[in-house]
Colleague: 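Input: one structure, supplied below.
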Amino acid sequence: MTMDLFEDALPPPWHEQIAPGAVVLHGFVRDHGPELLAAVNSVVAQVPWRHMITPGGYRMSVAMSWCGNGWTSDNRGYRYSDRDTRTGKPWPPIPEILMALADEAAVQAGFGHYVPDSCLMNRYDPGSKLSLHQDKDENDFGAPIVSVSLGLPAVFQFGGLQRGDRARRVPLAHGDVVVWGGPSRLNYHGILPVKEGYHSLVGPHRINITLRKAL
DNA sequence: GAGTCGCT
DNA sequence: TAGG
């Protein structure tokens with residue numbers, strides 16, 4: 001019954017192609033904020049927001065939580081894990097609504113049905129950013145990345161396969177979903193510093209949810 | 001030898 | 001914004 005939760009969220013057109021294999025589904029989940037936030041909160045209750053340290057020793061401005069396979073960054077580099085190595089317990093499962101969202105967004109973007117195994121959540125407070133980087137620590141580059149924006153708006157940067165490639169700037173609002181894969185799966189991307197503001201549902205934050213196949 | 005989701 |  002979750003199959004068509006999002007398909008008719010808005011009539012077309014929402015598609016904006018920003019590169020070969022990269023699509024913005026504007027407003028795709030605009031009407032599902034409360035349920036999505038509830039899913040985020042249920043995960044955060046089990047995996048509290050944390051600021052990861054980059055291999056270079058710097059604290060990331062973005063706070064992270066996750067479910068499914070989790071992501072770690074430390075002085076040894078980046079990696080995914082299926083469980084919390086400190087407790088030995090698996091990370092919480094990905095909520096059904098997020099699995100449904102990922103599947104429907106991937107279908108809409110032309111990638112076909114999708115079963116991700118990792119869901120990373122980023123909380124951007126005003127001033128938080130994520131500079132240009134690649135998602136390349138996953139095992140399956142055949143699977144797309146599905147990225148959901150909630151709360152405060154932000155400017156998404158979407159570049160090419162080379163770090164120096166000129167990045168396109170794409171404004172993202174609450175409810176937008178970006179899907180990239182295929183030829184652009186390894187493209188550099190990032191988020192410019194989030195401006196202060198207040199969203200009636202989310203408060204003074206931007207929350208980003210990404211779904212991927214990591215292991 | 002890369003790195004390099006941050007920094008200058 | 002390019003790049004060590």
Colleague: Do A:Thr210 and A:Arg212 get their side chains close enough for a donor-acceptor pair, meaning under 3.5 Å?
Modeller: yes
Colleague: Hydrophobic cluster membership, with links at side-chain heavy-atom distances under 4.5 Å among I/L/V/M/F/W/Y: are A:Met52 and A:Val62 in one?
Modeller: yes
Colleague: Need one value for A:Asp137: base, sugar-phosphate or nothing, where a base atom within 4.0 Å counts as base even if backbone is also close, heavy atoms only.
Modeller: base
Colleague: How would you label the contact of A:Arg169 with the nucleic acid (heavy atoms, under 4.0 Å): base, sugar-phosphate, or nothing?
Modeller: sugar-phosphate
Colleague: Any sub-3.5 Å donor-acceptor pair from A:His133's side-chain atoms to A:His189's backbone N or O?
Modeller: yes
Colleague: Are the side chain of A:Arg123 and the backbone of A:Ile207 linked by a donor-acceptor contact shorter than 3.5 Å?
Modeller: no
Colleague: Over how many whole Å does the gap from A:Asp74 atom CG to B:dT4 atom P extend?
Modeller: 11 Å
Colleague: For the P atoms, the ones on B:dG6 and on B:dA2, what distance do you get once it is rounded to whole angstrom?
Modeller: 23 Å
Colleague: Using the heavy-atom set of chain A and a strict 4.0 Å cut-off, write down the first and last nucleotide of DNA chain C that makes it in, 5' to 3'.
Modeller: C:dT1 to C:dG4
Colleague: Quick check: on DNA chain B, is the nucleotide nearest A:Gly56 upstream (toward 5') of the one nearest A:Lys129, or the reverse? Name the residue that is more 5'.
Modeller: A:Gly56
Colleague: Report yes or no: does A:Asp176 contribute a side-chain atom to a donor-acceptor pair with the main-chain N or O of A:Gly27 at less than 3.5 Å?
Modeller: yes
Colleague: How close or far is atom P of B:dG6 from atom CG of A:Leu192, stated in whole angstroms?
Modeller: 13 Å
Colleague: Once you apply a heavy-atom cut-off of 4.0 Å, does A:Arg59 come out as touching a base, just sugar-phosphate, or nothing?
Modeller: nothing
Colleague: Using whole Å, report how far CE of A:Met60 lies from P of B:dC7.
Modeller: 10 Å
Colleague: Just the rounded figure in Å: distance from P of B:dG6 to CE of A:Met64.
Modeller: 10 Å
Colleague: To the nearest Å, how far apart are A:Ile53 CD1 and B:dC7 P?
Modeller: 11 Å
Colleague: For A:Arg163 and for A:Arg166, locate the closest nucleotide of DNA chain C by heavy-atom distance; then report the residue assigned to the nucleotide nearer the 5' terminus.
Modeller: A:Arg166
Colleague: Determine yes or no for a side-chain-to-main-chain donor-acceptor pair under 3.5 angstrom, with A:Ser128 supplying the side chain and A:Ser61 the backbone.
Modeller: yes
Colleague: Take atom P in B:dT4 and the same atom in C:dT1, then report the distance between them in whole Å.
Modeller: 23 Å
Colleague: Determine yes or no for a side-chain-to-main-chain donor-acceptor pair under 3.5 angstrom, with A:Asn187 supplying the side chain and A:Gly159 the backbone.
Modeller: yes
Colleague: Rounded to the nearest Å, what distance is computed from the CD atom of residue A:Gln134 to the C1' atom of nucleotide B:dG6?
Modeller: 15 Å
Colleague: Strictly distance-based, threshold 3.5 Å: is any side-chain N or O of A:His26 a donor or acceptor partner for the main-chain N or O of A:Val24?
Modeller: no
Colleague: Mind checking if A:Ser131 touches a base, just sugar-phosphate, or nothing, with heavy atoms under 4.0 Å?
Modeller: base
Colleague: Taking the side chain as everything from C-beta on, heavy atoms only, tell me whether A:Trp91 gets closer than 4.5 Å to A:Gln46.
Modeller: no
Colleague: Cation-pi between A:Arg206 and A:Tyr124: NZ/CZ under 6.0 Å from ring centre and within 45° of the ring axis?
Modeller: yes
Colleague: Using a 3.5 Å limit on both pairing distances, list the dot-bracket string of DNA chain C from the 5' end; Watson-Crick and G-U wobble pairs count, crossing pairs take [ ], interstrand pairs take |.
Modeller: .||.
Colleague: In this structure, how many angstroms lie between the P atom of B:dC7 and the CG atom of A:Leu132, rounded?
Modeller: 14 Å
Colleague: Could you state the CZ-P distance from A:Arg76 to B:dG3, rounded to the nearest angstrom?
Modeller: 18 Å
